[in-house]
Amino acid sequence: MLSSLTIPSTLDTLHPGDVVKWAAEQFGAQNLVVTASFQDATLVHVAATAVPGIEIVLLDTQYLFAETQWFADQLTERYDLNLRIVRPLPDVQPDNQWQTDVDGCCNRRKVEPLSRAIDGKRAWISGVRRADSPTRANSAVAAYDLGRGLVKVNPLVMMTDADVELYAQLHELPTHPLVDKGYASIGCWPCTRPVAPGEDARSGRWAGDTKTECGLHL
Ligand code: SF4
């Protein structure tokens with residue numbers, strides 16, 4: 001029962017891996033699902049190191065960069081990930097919706113598949129960080145997601161960009177091949193562009209549109 005759970009106020013002082021362990025103790029490892037964009041290796045490394053075998057979902061929107069799919073395969077092999085690919089419903093086929101209706105496109109290719117990915121789970125672990133963008137600046141390390149009926153856990157929420165870099169160095173994490181080409185935040189290919197040095201990382205997502213979130217984290 002969600003109502004019987006108390007989320008400790010000290011959770012945001014824990015190492016990200018200990019946050020994942022806390023979630024496994026609270027909800028049972030089999031009741032957790034991690035959603036990862038595979039734009040970097042941080043979240044999957046943190047989660048799979050803390051709870052080996054934890055389910056990790058990649059939402060395949062039909063518009064992932066080939067490099068992202070390759071990178072997910074590499075990380076799956078390297079870290080023995082329990083990876084599950086969740087795709088849109090069968091009636092959703094590649095089309096031009098992203099050109100005229102980005103919200104509708106994200107709903108069919110991200111939001112609806114997420115609802116199936118988390119169905120039956122008690123907690124959803126995401127890679128949201130406060131440093132990602134102003135819209136994420138107040139994100140909690142764990143909170144009830146009443147709309148979806150489970151607890152959302154953000155173990156990386158307190159990590160700065162420097163923390164992520166340091167974590168990657170310490171654990172010798174591989175990098176997504178598009179990072180060296182200027183892609184700082186990587187989503188679907190039609191809606192992602194490289195950014196200039198010093199430019200906000202997420203400014204490369206839905207550039208030219210007021211949209212800043214795909215709907216997963218709203
Ligand atoms: S990010 Fe772009 S291509 Fe991907 S689901 Fe959303 S609108 Fe469609």
Side-chain angles (χ1 to χ4, degrees), residues 33-44 55-76 81 83-119 121 124-137 139 145 147-148 150 152 154 156-157 161 164 175-196 199-218:
V33 61
V34 180
T35 56
S37 66
F38 286 90
Q39 70 172 9
D40 65 39
T42 313
L43 178 64
V44 297
E55 184 176 277
I56 295 173
V57 162
L58 170 64
L59 299 176
D60 179 355
T61 61
Q62 303 170 329
Y63 295 123
L64 295 179
F65 286 97
E67 289 89 340
T68 299
Q69 299 181 24
W70 175 86
F71 191 52
D73 289 342
Q74 295 294 305
L75 296 184
T76 298
L81 302 182
L83 180 67
R84 178 181 164 213
I85 310 285
V86 176
R87 297 186 168 85
L89 291 169
D91 67 333
V92 179
Q93 296 297 318
D95 55 26
N96 297 326
Q97 190 176 16
W98 56 270
Q99 293 180 315
T100 55
D101 176 17
V102 286
D103 287 339
C105 188
C106 280
N107 280 337
R108 297 166 76 212
R109 293 183 169 82
K110 291 186 175 184
V111 178
E112 188 286 327
L114 173 69
S115 69
R116 282 184 281 117
I118 64 177
D119 186 37
K121 300 293 184 180
W124 163 35
I125 296 176
S126 94
V128 162
R129 294 187 298 124
R130 291 182 180 177
D132 286 335
S133 66
T135 57
R136 298 182 177 184
S139 301
D145 184 338
R148 294 186 171 101
L150 78 177
K152 184 178 178 186
N154 302 315
L156 312 186
V157 77
D161 292 348
V164 171
T175 55
H176 190 296
L178 291 179
V179 170
D180 286 343
K181 296 181 179 176
Y183 289 81
S185 176
I186 302 167
C188 299
W189 63 260
C191 302
T192 306
R193 66 160 176 78
V195 297
E199 201 177 3
D200 174 42
R202 285 188 67 83
S203 65
R205 304 287 294 278
W206 303 286
D209 195 284
T210 55
K211 188 177 176 68
T212 58
E213 292 281 352
C214 59
L216 300 183
H217 303 296
L218 296 176

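When a ligand or atom number is given, it counts from 1 through the structure's own listing order.
- Among the atoms of C106, an N, O or S atom is found under 2.8 Å from atom 6 (Fe) of ligand 1.
- Counting heavy atoms under 4.0 Å from ligand 1, residue Q97 does not touch it at all.
- No side-chain heavy atom of N154 sits less than 4.5 Å from a side-chain heavy atom of R136.
- Rounded to the nearest 0.5 angstrom, I85 CD1 and L64 CG are separated by 8.5 Å.
- Ligand 1 places these atoms under 4.0 Å from at least one heavy atom of V102: 7 (S).
- Applying the 4.0 Å criterion to heavy atoms of K110 picks out, from ligand 1, the atoms 1 (S).
- When distances to atom 8 (Fe) of ligand 1 are checked against a cut-off of 2.8 Å, C191 contributes no N, O or S atom below that limit.
- A side chain to side chain contact (heavy atoms under 4.5 Å, CB included) with E112 is found for one member of L59, N107, L89 and no other, namely L89.
- Rounded to the nearest 0.5 Å, atoms CG (D101) and CG (N96) are 12.0 Å apart.
- Judged as a ring-ring contact (aromatic ring centres under 6.0 Å, His included), and not counting sequence neighbours, the contacts of F71 are H176.
- Among the atoms of C188, an N, O or S atom is found under 2.8 Å from atom 4 (Fe) of ligand 1.
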